[in-house]
Amino acid sequence: MLRFVLRRSGSALILMVVVSFVAFMLIFAAGDPAVKLAGEAGSAADAARIRAFYGFDQPIYLQFLHWIGAALHGNLGHSLYFDQPVSAILFDRLGTTLLLGLVSFIFALAISLPLGIAAARWQNTWIDRTALIVAVIGQAMPTFWFALLLVVMFSVIWPILPTSGSETWRHFIMPSVVLGYFAAPAIMRLTRSGMILALETDYVRTARALGIAPRKVLLKYALRNAVIPVVSVSAAQFGYMLAGSVVVESVFAINGAGRLAWESILRSDLPTVQALVLCFSLIYVILTFVADVLNAWLDPRMRLADARA
Amino acid sequence: MLLDVQDLTIDIPTASGVLHAVQGISFSVDEGETLCIVGESGCGKSLTALAVMDLLPRRAIRAATSLAFSGRDLRGLSREAMNRLRGDRIAMIFQEPMTSLNPVFTIGDQMIDVLRQHRKVSRREARDRAVYLLDKVGISSPEARLAQYPHQLSGGLRQRVMIAMALMCDPKLILADEPTTALDVTIQAELLRLLMALQQEFGMGLVLITHDLGIVSRMADKVAVMYAGQIVESGTAETIFNDPLHPYTQGLMACLPAPERQRMQHLKAIPGAVPALVGAIEGCRFRGRCAHAQPVCERDVALREPAGAHPYRCVLPAETSRDNARAVLGAGA
Ligand SMILES: Nc1ncnc2c1ncn2[C@@H]1O[C@H](COP(=O)(O)OP(=O)(O)OP(=O)(O)O)[C@@H](O)[C@H]1O
Ligand code: SF4
Ligand SMILES: [Mg+2]
């Protein structure tokens, strides 16, 4: 298991470097950054000075090393909009978004896993059909629309929850429900189909033939097998949720990284966008890594196959 | 009587009508006794075993005039009571060693679960029992095996583990559904010897399901020959092998390699196919393949036991059957 973790951390690290480089190159995507920074009124001399000041005249790989070195020290450059270091704004915002993501994710798992298991256990009954309806609605409803629906219901018609901000835990309820419900259907459908397959396997029949209690057959013998593909999809859903946070944070006026990303793009605040892309990408890499390790822990075949390779 | 089954019927509703998979079969097993149920693929052997275990597919309908284990009627048992019996007093071994063990738990974990499900014992004690049984079924370094996963073992070893698992609670009855069919011939023989030795040591009743009459001849005390959901002949192993009365049994025996013939010789098979069992069926199920079929065979044929013979399901008088047997199997039969 340790060997597996080390091996996977190695590939995750390589992936991180690649991703960082892509994020770094982003600054050149919109054309010569020096010309942009100099502004429309700036002369060619201004641009040249800026180029020298920011080091844009150096070879790309040197610039990259310089940038990544600074990033490792927590220096992500200077925001063009806020006139302060990107790091000063970013980490606070990122924390808010990750908290929102985590709460939403827990909410998503809390509804999708039990519902998926129950739908499989009582396949083709009203429980299964209810679960299907819940999933289809979750998949079909646009995030912003569901968010507005909740606001109308719980802040306007029956005002028990705050509409905007992120000061208390109560501010997080509606955004988390919206984000979580967005991620839940995929996890639920996969849990259901995995459980249905697992419940029909020979090893579940063996467990039954040996008198293992039905609850244990369901929640140990079948679930442990069914949940393996769910882990990878859950990690991907967590990623989608971070993307979805752009919309949700805007609707609920939460000062998170999603909203910051959206606004920074509008403001052409390239260093901030670059730092955000870097952070989000790294979170993806870490999520994938965690999913891999979790899967290896759940499935001995995976970690042994990997050890042999 | 350890297990007594009378008039067991299994119907499975399907899209094209009711499948009469098993039609009124009766058999019994005593402690220390081996009953072999033998018959071609699809004749209802597995369903019969699953019916005893109450593990039939959900749609299947089971009926019987008696289904008693150690004098307890299994028919009226609650789901919980049946679950307590399974794995404890009655255990089952399946045909598929590669897929019958859970791939994500260790051998030890799965074995310990069985004992702790039925007995109030510590993990330590359950572990010791698992080690003892792994050793018993001929697995070397059992301690180390406990930490292994099924995919790390060969098919033969997995089936040994299955047997050890079935023995965890010291059951009175084992139902073994073609336990060696998926394995190499050499491993098959070893496993069968093991099964027989364990059965004798622990004094268990054994229902061994197989389609291989060769296995029957080595293992059985009693034999029930099944064809298309019915028992067509039953008796002690001795009577069945020395005095086969049903044309189907005779056909099966003609397929057996005789000792004087070479082992490598290809086995003959009985020509023809088993009839569909969907909807109403009339007459002898075997008549489509029987060399002695005659008009009376189109009416239902009962399992009968004339004087001087054992039960068989055929209109031919015992003497005629014996003449046929001599013709098919040669002198000595
Ligand atoms: N779940 C099911 N649904 C419908 N039909 C079934 C089901 N299980 C078994 N059958 C049918 O019932 C009949 C008996 O099946 P069974 O599995 O008992 O045969 P078997 O004698 O064990 O054969 P084999 O030697 O191939 O294992 C077969 O015709 C089979 O197609
Ligand atoms: S009853 Fe008739 S068809 Fe059936 S086995 Fe006997 S002779 Fe053959
Ligand atoms: Mg079978």
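Predicted model, so just to flag it, every value in this text is computed and none were measured. In what follows, chains carry the letters A, B, and so on, assigned in the order in which the sequence lines appear, proteins first and then strands, with residues in each chain numbered from 1.
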**Request:** Please name the residue in the list D128(A), I187(A), I117(A) that meets the side chain to side chain contact (heavy atoms under 4.5 Å, CB included) test with R192(A).
**Result:** D128(A)
**Request:** Taking all non-hydrogen atoms of both residues into account, name the closest pair between P97(B) and A182(B) and its distance.
**Result:** CD-CB, 3.8 Å
**Asked** Which one, L50(B), T99(B), T106(B), leads in non-hydrogen pairs under 4.5 Å with chain A?
**Response** T99(B)
**Request:** Could you tell me whether R224(A) sits above the aromatic face of W297(A), with NZ or CZ closer than 6.0 angstrom to the six-membered ring centre and within 45 degrees of the axis?
**Result:** yes
**Prompt:** Does any heavy atom of chain A fall under 4.5 Å from the side chain of M82(B), the backbone, both, or neither of them?
**Reply:** neither
**Asked** Between G87(B), S100(B), P150(B), which has the largest tally of heavy atom pairs under 4.5 Å with chain A?
**Response** S100(B)
**Prompt:** If you count the non-hydrogen atoms of other residues, nucleotides and ligands that lie under 6.0 Å from CZ in R72(B), is the total more than 12?
**Reply:** no
**Message:** Closer than 4.0 angstrom, basic N to acidic O: yes or no for E96(B) and R158(B)?
**Reply:** no
**Request:** Mind running side-chain contact (heavy atoms from CB on, under 4.5 Å) on L113(A) and M195(A) for me, showing each step along the way?
**Result:** CA-CA 10 Å; L113(A) 287 182; M195(A) 282 300 282; over 6 Å; no
**Complete:** The interface call for L298(A) against chain B, heavy-atom contacts under 4.5 Å, is backbone
**Request:** Pick whichever of I228(A), N225(A), D299(A) has the most heavy-atom pairs under 4.5 Å with chain B.
**Result:** N225(A)
**Request:** Against chain B, label K220(A) side chain, backbone, both or neither, depending on which of its atoms sit under 4.5 Å from a heavy atom there.
**Result:** both
**Request:** Using non-hydrogen atoms and a 4.5 Å limit, figure out which bit of L55(B) sits close to chain A: side chain, backbone, both or neither.
**Result:** side chain
**Prompt:** Can you say whether I90(B) sits under 4.5 Å from chain A via the side chain, the backbone, both, or neither, judging by heavy atoms?
**Reply:** backbone
